[in-house]
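Each remark here refers to the structure printed beneath this line.
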Amino acid sequence: MSETRRKLTTIFCADVQDYTRLMGADEEGTLASLKRCREAMGRLIESHGGRVVNTWGDGLIADFPSVVEAVRAAVDTQNELAGFNARRPADGRMLFRIGINLGDVIVEGDDIYGDGVNIAARLQTSAAAGGIVISSTVYDQVRNKVAVGFEFLGPLMVKNVDEGVPSYAVKIGDTRDETPPAERSGSARPQPAPGMAAAKAETTPAPGGRRLYGVLGVIAGALIGINLLSWQGVFWARFPVLALAVVAALAWNRDQTRFNRKITLLAILALGLAGINLFTWTGQFWAIWPILGIAAVMGLRWSMRR
């Protein structure tokens with residue numbers, strides 16, 4: 001018999017909006033699109049350290065040891081699927097809704113059960129097509145760690161859970177064009193004025209990222225100033241400034257969701273090598289060879305994503 005145990009994990013639940021209508025219009029085409037979207041979703045889940053627990057019909061459940069990586073996987077998924085849907089007619093787009101919850105679950109074999117899973121499923125049904133809804137337990141862990149905006153939706157009522165579950169919509173650009181039909185109780189927090197809500201929902205860099213960029217900029221400026229004030233014919237500050245620029249680029253890549261992070265990392269390394277070559281110029285562009293190697297790896301990774 002399978003061993004039954006409990007664990008705290010991040011549950012990622014997804015399904016397709018209007019799946020029945022899509023199947024009624026084109027069964028074979030819908031199944032082919034579902035397979036392609038699931039493969040992309042599974043790859044992104046795995047790349048963020050998650051595990052696909054189960055699939056059924058148009059649904060999928062995954063779990064993650066990291067709350068931050070679960071949200072990043074969801075944002076990457078919706079961004080990649082938005083590109084896939086942009087090439088399809090409006091009435092044939094396959095739009096996923098995603099719900100994420102951090103909770104205690106029962107583990108039996110490879111499956112997970114319990115209220116933690118039920119809450120994730122309820123959050124998913126409350127998301128807009130192409131959108132993401134997270135519980136407050138997830139929000140508390142990611143609000144300053146992921147470069148997206150959040151909109152408070154109020155408490156969701158969930159079966160077998162006495163109190164409503166406070167929830168937030170993740171703002172990832174124009175993937176959401178309607179408010180999820182979340183139930184709001186009388187205890188929901190007051191909603192801000194329209195102007196304030198729009199400003200709060202904008203996608204902005206995490207405060208920690210802004211502070212890091214500011215610190216790196218101050219250090220770079222100080223090094224350049226010291227170099228110029230003690231000028232002896234050598235611009236030695238170029239090397240530490242280049243290193244600071246690479247650190248800033250790596251920090252940006254850690255939080256950005258617009259591009260594939262692994263491909264972007266390779267691009268940053270290639271630019272760093274080119275900078276070192278130019279700053280130590282002796283008449284030979286030796287960086288061309290490692291850059292060509294990096295370009296080949298980037299090309300392979302890009303082709304495998306298609």
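What you see below is based on every heavy atom in this structure, not just the backbone, and it leaves out hydrogens, waters and symmetry mates. Numbering of residues begins at 1 and proceeds along the displayed sequence. Quick caveat, the model's predicted, so the values are computed rather than measured.
With hydrogens and angles ignored, the 3.5 Å screen pairs a side-chain donor or acceptor of Gln78 with a backbone N or O of Gly131. Between the side chain of Arg87 and the main chain of Gly83, a donor-acceptor pair closer than 3.5 Å is present. In this structure, the side chain of Arg51 engages the main chain of Asp110 through a donor-acceptor pair within 3.5 Å. Side chain of Asp115 to main chain of Asn118: no donor-acceptor pair is present (N/O by atom type, distance under 3.5 Å, no hydrogens or angles).
With sequence neighbours left out, the ring pair (Phe, Tyr, Trp, His ring centres under 6.0 Å) criterion links Phe64 to Phe12.
If you take OG1 on Thr30 and CE on Met23, they are separated by 6.0 Å, rounding to the nearest 0.5 Å. Going from atom CD1 of Ile132 over to atom CZ of Arg97 covers 13.5 Å, rounded to the nearest 0.5 Å. Distance CH2/Trp286 to CD1/Ile276: 5.5 Å, rounded to 0.5 Å. Distance check, rounded to the nearest 0.5 Å: CG of Asp111 to CD1 of Ile106 gives 12.0 Å. Atom CZ of Arg238 sits about 9.0 Å away from atom CG of Asn227, to the nearest 0.5 Å. The distance from atom CH2 of Trp236 to atom CD1 of Ile224, rounded to the nearest 0.5 Å, is 9.5 Å.
The side-chain heavy atoms of Asp58 and Leu22, taken from C-beta on, include no pair separated by under 4.5 Å. Between Leu250 and Leu265 there is a side-chain heavy-atom pair separated by less than 4.5 Å. The shortest distance between side-chain heavy atoms of Met94 and Asn85 falls below 4.5 Å. Side-chain contact check for Val68 versus His48: every heavy-atom pair is 4.5 Å or farther apart. Put simply, the side chain of Val16 reaches to within 4.5 Å of the side chain of Leu34, judged on heavy atoms. Contact annotation: the side chain of Tyr168 never approaches that of Val138 to less than 4.5 Å [non-hydrogen atoms, C-beta and beyond]. Here the side chains of Tyr113 and Glu108 are in contact, with some heavy-atom distance below 4.5 Å. Contact of the Asn277 side chain with the Phe285 side chain is registered, since non-hydrogen atoms from C-beta on lie closer than 4.5 Å.
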Glu80 vs Arg43, salt bridge (charged side-chain N to carboxylate O under 4.0 Å, His left out): CA-CA, chis, key distance, verdict: CA-CA 11 Å; Glu80 181 156 330; Arg43 171 176 49 76; 2.5 Å; yes
Applying side-chain contact (heavy atoms from CB on, under 4.5 Å), run through Asp63 and Ile112 and close with a yes or a no. CA-CA 9 Å; Asp63 68 347; Ile112 56 176; 4.2 Å; yes
Output, in order, the C-alpha distance, side-chain angles, deciding distance and verdict of side-chain contact (heavy atoms from CB on, under 4.5 Å) for Asp18 and Leu95. CA-CA 8 Å; Asp18 292 335; Leu95 300 172; over 6 Å; no
Verdict with supporting geometry, Val133 and Val170, side-chain contact (heavy atoms from CB on, under 4.5 Å): CA-CA 6 Å; Val133 172; Val170 179; over 6 Å; no
Run the side-chain contact (heavy atoms from CB on, under 4.5 Å) test on Thr77 and Leu81 for me, step by step, so that the C-alpha distance in whole Å, both residues' side-chain angles and the decisive distance to 0.1 Å come before the verdict. CA-CA 6 Å; Thr77 292; Leu81 295 183; 3.8 Å; yes
Given salt bridge (charged side-chain N to carboxylate O under 4.0 Å, His left out), test Arg21 with Asp91 step by step and report yes or no. CA-CA 10 Å; Arg21 177 184 63 79; Asp91 61 351; 5.7 Å; no
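Look at Glu69 and Arg72 and you find a salt bridge, because one of the NZ, NE, NH1 or NH2 atoms lies within 4.0 Å of a carboxylate O, short of that distance. The pair Lys7-Asp104 fails the salt-bridge criterion, with no side-chain N (NZ, NE, NH1 or NH2) lying under 4.0 Å from an Asp/Glu carboxylate O.
Looking at Arg93 and Ser33, their side chains never bring a donor and an acceptor atom within 3.5 Å of each other. Using modelled atom types and a 3.5 Å distance limit, the side chains of Arg122 and Thr125 yield a donor-acceptor pair.
Trp281 CH2: more than 12 foreign heavy atoms inside a 6.0 Å radius.
Two different hydrophobic clusters hold Leu216 and Val241 under the rule that ILVMFWY side chains link at heavy-atom gaps under 4.5 Å. Tracing side-chain contacts under 4.5 Å through hydrophobic residues (I, L, V, M, F, W, Y), one reaches Val107 starting from Ile11; they form part of the same cluster. Linking ILVMFWY side-chain heavy atoms closer than 4.5 Å, directly or via other members, places Val71 and Val52 in a single hydrophobic cluster. Using a 4.5 Å cut-off between side-chain heavy atoms of Ile, Leu, Val, Met, Phe, Trp and Tyr, with links allowed through other members, Phe150 and Leu102 fall into the same hydrophobic cluster. Under the 4.5 Å side-chain heavy-atom criterion for grouping Ile, Leu, Val, Met, Phe, Trp and Tyr, Tyr19 is connected to Met41 within one hydrophobic cluster.
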